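In what follows, every heavy atom counts, from backbone to side chain, and hydrogens, waters and symmetry copies are set aside. Quick caveat: nothing in here was measured; it's all calculated off a predicted structure.
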Amino acid sequence: MANHRGSYFLNRILRIFEEHGLLQGPQAQKAVQEAVVYACEEQDCNSGAVLEEIGARLGLCYACVQAAPQLSRSGLCLACLEKM
């Protein structure tokens with residue numbers, strides 16, 4: 001069972017960081033990507049919940065948590081969209 005509480009907590013923290021301009025540039029994107037992967041693998045969080053609303057703005061697919069130049073309206077990269 002996924003850690004939804006932790007997922008939504010991390011999502012809120014990321015949105016606060018974004019509001020304060022702390023998530024700009026490729027280094028920030030990489031740091032967020034690493035944090036989400038860690039949270040999902042080690043803390044049983046849900047990447048969809050963590051990246052809800054913010055993933056598309058950061059250019060991160062919510063399914064594979066990879067940077068993508070183009071995401072669907074739902075926040076999926078083209079490769080994940082094709083798998084659905």
Side-chain angles (χ1 to χ4, degrees):
M1 190 152 161
N3 178 359
H4 292 288
R5 188 174 198 158
S7 301
Y8 292 122
F9 175 77
L10 181 53
N11 175 270
R12 181 67 184 129
I13 296 299
L14 292 174
R15 287 191 286 143
I16 289 169
F17 284 2
E18 182 185 42
E19 289 169 12
H20 288 86
L22 301 173
L23 298 181
Q24 297 176 354
Q27 290 177 327
Q29 183 186 49
K30 178 105 171 108
V32 169
Q33 181 181 19
E34 290 172 1
V36 173
V37 168
Y38 168 79
C40 293
E41 290 179 359
E42 302 295 325
Q43 303 301 317
D44 198 28
C45 289
N46 177 288
S47 61
V50 173
L51 293 172
E52 186 177 321
E53 294 183 24
I54 193 170
R57 291 192 300 269
L58 295 174
L60 294 173
C61 172
Y62 79 82
C64 67
V65 193
Q66 296 297 310
Q70 184 178 0
L71 297 171
S72 71
R73 295 181 108 183
S74 63
L76 290 170
C77 68
L78 298 179
C80 288
L81 190 60
E82 289 176 3
K83 291 178 189 176
M84 297 282 176

Same cluster or not: Tyr62 versus Val32, using hydrophobic residues (I, L, V, M, F, W, Y) connected whenever any side-chain heavy atoms lie under 4.5 Å apart?
yes
Can Val65 be reached from Leu71 by stepping across I, L, V, M, F, W or Y side chains whose heavy atoms are under 4.5 Å apart?
no
Please set out all donor-acceptor pairs under 3.5 angstrom arising from side-chain atoms of residues 73-84, sequence neighbours excluded.
| unit_1 | atom_1 | unit_2 | atom_2 | d |
| --- | --- | --- | --- | --- |
| Ser74 | OG | Ser72 | OG | 2.9 |

Considering all heavy atoms, the nearest Leu60-Gln29 contact:
CD2-CG, 4.0 Å
What residues, two or more places apart in sequence or in another chain, satisfy side chain to side chain contact (heavy atoms under 4.5 Å, CB included) together with Cys40?
Val36, Cys45, Ser47
Taking only distance into account, with no hydrogens and no angle test, what donor-acceptor pairs under 3.5 Å do side-chain atoms of residues 6-15 form with protein atoms, sequence neighbours excluded?
| unit_1 | atom_1 | unit_2 | atom_2 | d |
| --- | --- | --- | --- | --- |
| Ser7 | OG | Asn3 | O | 2.9 |
| Ser7 | OG | Asn46 | N | 2.7 |
| Asn11 | OD1 | Arg15 | NE | 2.7 |
| Asn11 | OD1 | Arg15 | NH2 | 3.1 |
| Asn11 | ND2 | Ala49 | O | 3.4 |
| Asn11 | ND2 | Val50 | O | 2.7 |
| Asn11 | ND2 | Glu52 | O | 2.7 |

Are Leu51 and Leu22 co-members of a hydrophobic cluster defined by side-chain heavy atoms under 4.5 Å apart?
yes
Considering residues, nucleotides and ligands other than Gln27, do more than 12 of their heavy atoms fall under 6.0 Å from its CD?
no
To the nearest 0.5 Å, how far apart are CG in Leu58 and CD in Glu18?
6.0 Å
